[in-house]
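Chain A is the first sequence line, chain B the second, and so forth, proteins listed ahead of strands; every chain is numbered from 1.
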Number of protein chains: 2
Amino acid sequence: MSDLEKFPRPAVAVDLAILTVTAAGDTDPELRLLVQDRTDPDGIALPGGFLRERTTVAETADGVLRRKVGIDPSATIRPRLLRLFDAPHRDDRTWAVSAAHALPLPEAELAGARGRPVRVLPDGRLEGAERLLFDHDEIAAAAIADVRERYEIRLRYVDVGPDPDGFLPEPFTLLQLRRVHEAVIGTELHKDNFARRMRPHLEPVVGDDGEVVLSTAQRGRPAALYRRAR
Amino acid sequence: MSDLEKFPRPAVAVDLAILTVTAAGDTDPELRLLVQDRTDPDGIALPGGFLRERTTVAETADGVLRRKVGIDPSATIRPRLLRLFDAPHRDDRTWAVSAAHALPLPEAELAGARGRPVRVLPDGRLEGAERLLFDHDEIAAAAIADVRERYEIRLRYVDVGPDPDGFLPEPFTLLQLRRVHEAVIGTELHKDNFARRMRPHLEPVVGDDGEVVLSTAQRGRPAALYRRAR
DNA sequence: GGAATAGTGTCTTTCAGACACTATCTG
DNA sequence: CAGATAGTGTCTGAAAGACACTATTCC
């Protein structure tokens, strides 16, 4: 099997559908997808890069964030593999396969990023019906479906817990948490059912006096502050 | 970007966890995983091959079936991407990433295959606690989890329908269909609940006389024969 | 007190799980 | 008729969805 070296190999691209929730913690958060303008061909596309010299997908994705998106991720990123695009001539420059990934990031990590976060509409399409180049529309749709599936409330079978991708900084109120889930899935949730199902996965923030810390309410009764349990 | 050619590229392996249900239609079908003996290093492993010269994953998988497994798939195969293995030195011969796939096949397609179909125990491990080489234990576990998830009965949220991978040839009785699902998931199902949930996805086989065709019972009352609806 | 939001009690509907009964075949 | 399997009716419990009420804050 030393003829392994003799055969041509594909370039392996790592394309990233970077998703975030803007204004998490605010009254009207929004799910957004980062797209970048590019030329040759002209249009908008997702950031991506090629696997180089014994690097991993996570390292390559990290490099894409630093070099092409212009941000400096504070923690280890967790790209989620969606599918492989392997049509033999999908890239007319060379033989390239693409490993499409979803990459959820908190809005704070995207400060100063190159590109535009485009709002994702409730039906899963992009605001303004924007079309992406190459097969990136499919990647975007798969990424949105992936994150939505994990933010749905389906306690009986899938028990993902509160804000699994960490869009919302701790501590938070149940209202803030619910708004984030609603922003991701694009539909409204009942506050009572939502609280009932989230509470087992949350622990209240306790102050020095042993009392539960409350949010400083703008209007109405202050709410208890929580963080993710365990 | 014409320097695209200058960088080294990884070999891309397609590893296949080939799953089948033996004796589907019989009273005691079993979920099995095809493993192959190999040398250097000695042990058992999953079949696989490398992406060559502008081929797709499906084509490569098809070639693996023909050349390494020694079978001739009768229809287009549908490998299910599980995950990428990308540790830089996981293969000590060269830089290689592996795209691990599950590939469900009806037993008839595996006639004459090289390798052993090893029984999958209810807990998901292999009979005899066999250990596979390389990272193939993880691939096997992921493949088993993938197929089990799709054969579970969870009508409310996931509505996959009867025997989505076609392990069981049509037409079949509800008992045969249930035995196949039980073999895949490793647990028993109630016949009444199972029938209630499968019936909407099935249509009875109707004979020339307009009557529902019945199985030729060995013992007891003959059962109606069905095929997948639509 | 009034407006606003937090938090809880409970009713209804749905459905998975379980049990039991009837139906129809063979020998 | 006995044995075996097919097929259906129905009860129960859990949980999602929905509604309503009470609680606590600011103004």
Without decimals, in angstroms, what is the distance between [X] [atom1] and [N] [atom2]?
| X | N | atom1 | atom2 | answer |
| --- | --- | --- | --- | --- |
| Arg197(B) | dA18(C) | CZ | P | 11 Å |
| Phe194(B) | dC15(C) | CZ | C1' | 17 Å |
| Arg196(B) | dC15(C) | CZ | P | 10 Å |
| Glu188(B) | dA18(C) | CD | P | 11 Å |
| His190(A) | dG7(C) | NE2 | P | 18 Å |
| Leu225(A) | dT24(D) | CG | P | 18 Å |
| Arg199(A) | dG9(C) | CZ | P | 10 Å |
| Leu214(A) | dA6(C) | CG | P | 11 Å |

(message) If you take the centroid of each ring, where Trp contributes its six-membered ring, are Phe167(B) and Tyr151(B) closer together than 6.0 Å?
(response)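 Under 6.0 Å, so yes.
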(message) Could you measure the distance from the CG atom of Leu168(A) to the CG atom of Asp163(A)? Nearest 0.5 Å is fine.
(response)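 Going from CG on Leu168(A) over to CG on Asp163(A), the span is 5.5 Å.
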(message) Show, in sequence, the C-alpha distance, side-chain angles and deciding distance for Asp26(A) and Arg179(A), and conclude whether the salt bridge (Lys or Arg N to Asp or Glu O under 4.0 Å) test is met.
(response) CA-CA 8 Å; Asp26(A) 209 336; Arg179(A) 292 271 182 261; over 6 Å; no
(message) If the test is side chain to side chain contact (heavy atoms under 4.5 Å, CB included), which one of Leu110(A), Asp72(A), Leu105(A) qualifies with Leu65(A)?
(response)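 The side chain to side chain contact (heavy atoms under 4.5 Å, CB included) with Leu65(A) is passed solely by Leu105(A) among Leu110(A), Asp72(A), Leu105(A).
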(message) Does the protein touch nucleotides 1-6 of chain D at the base, only the backbone, or not at all? Give it as B, S and - per nucleotide, heavy atoms under 4.0 Å.
(response) ---BBB
(message) For a side chain to side chain donor-acceptor pair (under 3.5 Å) check, start with the C-alpha distance between Glu182(A) and Thr187(A), then their side-chain angles and the critical distance, and finish with the verdict.
(response) CA-CA 5 Å; Glu182(A) 290 173 340; Thr187(A) 59; over 6 Å; no
(request) Validate the cation-pi geometry between Arg228(B) and Tyr226(B): distance from NZ or CZ to the six-membered ring centre under 6.0 Å, angle to the ring axis within 45°. (result)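 Output no; distance or angle outside limits.
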